[in-house]
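Since this is a predicted model, take the numbers as computed values, not measurements.
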Amino acid sequence: MSDQQEPASSPSSGPRRPRVVVLFGGRSGEHSVSCATAAGVLSAIDRQRYEVVPVGITRSGRWVLVDDDPAALELAEGRPPVEITEEGTGRGTVTLPQGGRGCVLVALPGQPPRELAVDVVLPLLHGPYGEDGTVQGLLEMAGLRYVGCGVLASAAGMDKQVTKVLLGAAGIPTVPHVVVSPRTWRRDPELVLDACEALDYPLFVKPCRAGSSLGITKVDRAQDLSAAITAASAVDPKVLVESGVQAREIEVAVLGGRDGQAPRVAEPGEVLMDPEQGAGDFYDYQTKYLAHDAVSMVCPAPLRSEERELLRDTAARAFDALGGEGLMRVDFFLTAQGQALVNEVNTMPGFTPYSMYPYMWQVSGTDYTSLVSELIELALERSTDVNR
Ligand SMILES: Nc1ncnc2c1ncn2[C@@H]1O[C@H](COP(=O)(O)OP(=O)(O)O)[C@@H](O)[C@H]1O
Ligand SMILES: [Mg+2]
């Protein structure tokens, strides 16, 4: 790229601002949600401090330069969900060179690719090919620093069964469950159904690697279990069957510590569902995305001080148990007896300005712009050496 064509030029005086690639879109079902997140981040990121290069990933996985126009990326009523396409939104393609040189290759239309040095990548991607360690691995190979969890923590956090194994090893309680492997389910379904008899109804049947409650069924009767396992296995061949717990749903935001310090933990937030306003009988897809009046997020959650301490302490321990970096939202079931069971962790939680993770930080004294800066500064501190 010539200097004129660089997406933004540094001010002539003073040190160069770190160049941040904001990466969004992607191959998962949460493509448009990711674009909306990017709209929030592009509007709020501190431009005095960082030079910003928006890069979208098409649904087929191509990386393209995108106009720095948050309004075009927002989810808006009366307009189809935003989609990054090479023809529509792309102004040139972006690829990653081999050899770990800490740059990307940008090819403007009709021109050969040129190197563009990048200081940090901010992946705002959810789900498969985004939150599961795959993009993180690609960035490691390219020698690029990035915000958020590394390869292992991302992959482990995406897989609910692996998460339970790691948390269990750290003495952190999770919900009693049975793992259904595709091979066992095919060869000996009776064995699986027998094992599930030890669990308490209602059962929750879920794919190990998914999100947004996709593929999850609440099962009240044994005769419905088989169909629920088959439905979950259409989303991920590895399935979890869990005892249903009657509990409050509390979420805790964790932010990686600077300079080797312990992670920071925000005030816990609670998800409240109102069946009279159309909430389902659990936090299902419909309730999450379609029944807007049925769900409210309360932060700080009304908690006794020992419950608050237990949740915040357990969230920090879960972050460490998974080897978390940058950010993680740890989701709990808090029982009437005061037990805090980890339900799941999210290494790229919802991150629009209205999402729970930024909201919990806002309430805890870190606004959205400062949160984005803190995450970038954490990433800039990281080594690009995998054996660091
Ligand atoms: N064992 C369980 N007991 C009670 N409710 C559950 C259980 N597992 C899941 N749920 C309900 O289903 C929702 C989605 O499950 P979760 O494991 O968080 O999947 P996702 O990754 O799709 O969010 C939870 O927020 C909760 O309302
Ligand atoms: Mg969840």
Side-chain angles (χ1 to χ4, degrees), residues 1-26 34 37-38 40-57 63-68 70 91-108 113-125 130 133 135-151 153-154 255-260 325-327 347-348 351 366 368-388:
M1 284 194 124
S2 75
D3 286 337
Q4 284 158 323
Q5 286 159 332
E6 292 199 1
S9 57
S10 307
S12 49
S13 60
R16 188 173 76 76
R17 292 167 296 163
R19 186 176 287 142
V20 179
V21 163
V22 175
L23 187 63
F24 56 93
S34 168
T37 304
V41 169
L42 291 173
S43 301
I45 191 168
D46 187 343
R47 305 275 177 162
Q48 301 290 321
R49 202 162 165 187
Y50 306 111
E51 181 189 324
V52 179
V53 182
V55 174
I57 304 180
W63 293 29
V64 293
L65 281 181
V66 173
D67 288 335
D68 194 347
R91 297 190 293 124
T93 57
V94 177
T95 48
L96 299 185
Q98 295 180 350
R101 297 206 296 279
C103 62
V104 296
L105 295 175
V106 174
L108 299 176
R114 299 278 196 90
E115 285 190 0
L116 180 70
V118 169
D119 297 291
V120 63
V121 177
L122 172 49
L124 300 172
L125 303 159
V135 155
Q136 289 75 13
L138 197 64
L139 298 172
E140 296 276 355
M141 296 294 283
L144 289 164
R145 292 185 173 80
Y146 54 94
V147 167
C149 288
V151 173
S154 299
L255 188 57
R258 300 272 326 260
D259 302 322
E325 288 174 79
L327 73 172
T347 53
M348 188 56 221
F351 201 81
T366 303
Y368 193 62
T369 297
S370 310
L371 179 60
V372 171
S373 297
E374 191 164 336
L375 286 167
I376 291 171
E377 295 303 313
L378 278 167
L380 284 169
E381 274 177 13
R382 277 162 70 154
S383 165
T384 51
D385 175 359
V386 285
N387 291 322
R388 59 190 173 266

- Message: Could you check whether any side-chain N or O of Gln136 sits under 3.5 Å from a backbone N or O of Gly130, counting only pairs where one atom can act as donor and the other as acceptor?
- Response: yes
Can you measure from [atom1] ([X]) to [atom2] ([Y]) and round to the nearest 0.5 angstrom?
X      : Y      : atom1 : atom2 : result
Leu122 : Leu23  : CG    : CG    : 8.5 Å
Leu105 : Glu115 : CG    : CD    : 6.0 Å
Leu255 : Leu378 : CG    : CG    : 6.0 Å
Arg382 : Glu377 : CZ    : CD    : 14.0 Å
Leu144 : Arg101 : CG    : CZ    : 10.5 Å
Leu139 : Arg145 : CG    : CZ    : 12.5 Å

With heavy-atom distances below 4.5 Å as the criterion, would you say the side chains of [X] and [Y] are in contact?
X      : Y      : result
Leu108 : Arg91  : no
Val55  : Val66  : no
Ile376 : Arg49  : no
Phe351 : Leu375 : yes
Pro54  : Asp67  : no
Val106 : Val53  : no
Phe24  : Val41  : no

For [X] versus [Y], what's the shortest heavy-atom pair and its separation?
X      : Y      : result
Cys103 : Pro97  : O-CD, 3.1 Å
Leu125 : Gly25  : CD2-O, 3.3 Å
Gly133 : Ser154 : N-CB, 3.4 Å
Ala44  : Thr369 : O-OG1, 2.8 Å
Leu327 : Gly148 : CD2-CA, 3.8 Å

- Message: Holding to ring pair (Phe, Tyr, Trp, His ring centres under 6.0 Å), I want the full list of residues that pass it with Tyr50, two or more places apart in sequence or in another chain.
- Response: none
- Query: By salt bridge (Lys or Arg N to Asp or Glu O under 4.0 Å), which residues pair with Asp46, not counting sequence neighbours?
  - Reply: none
Can you sort out the partners of [X] under side-chain contact (heavy atoms from CB on, under 4.5 Å), two or more places apart, ordered by chain and number?
X      : value
Arg47  : Leu42, Ile45, Val52, Asp68
Ala117 : Arg19
Leu138 : Trp63, Leu96
Ser370 : Thr366, Asp367

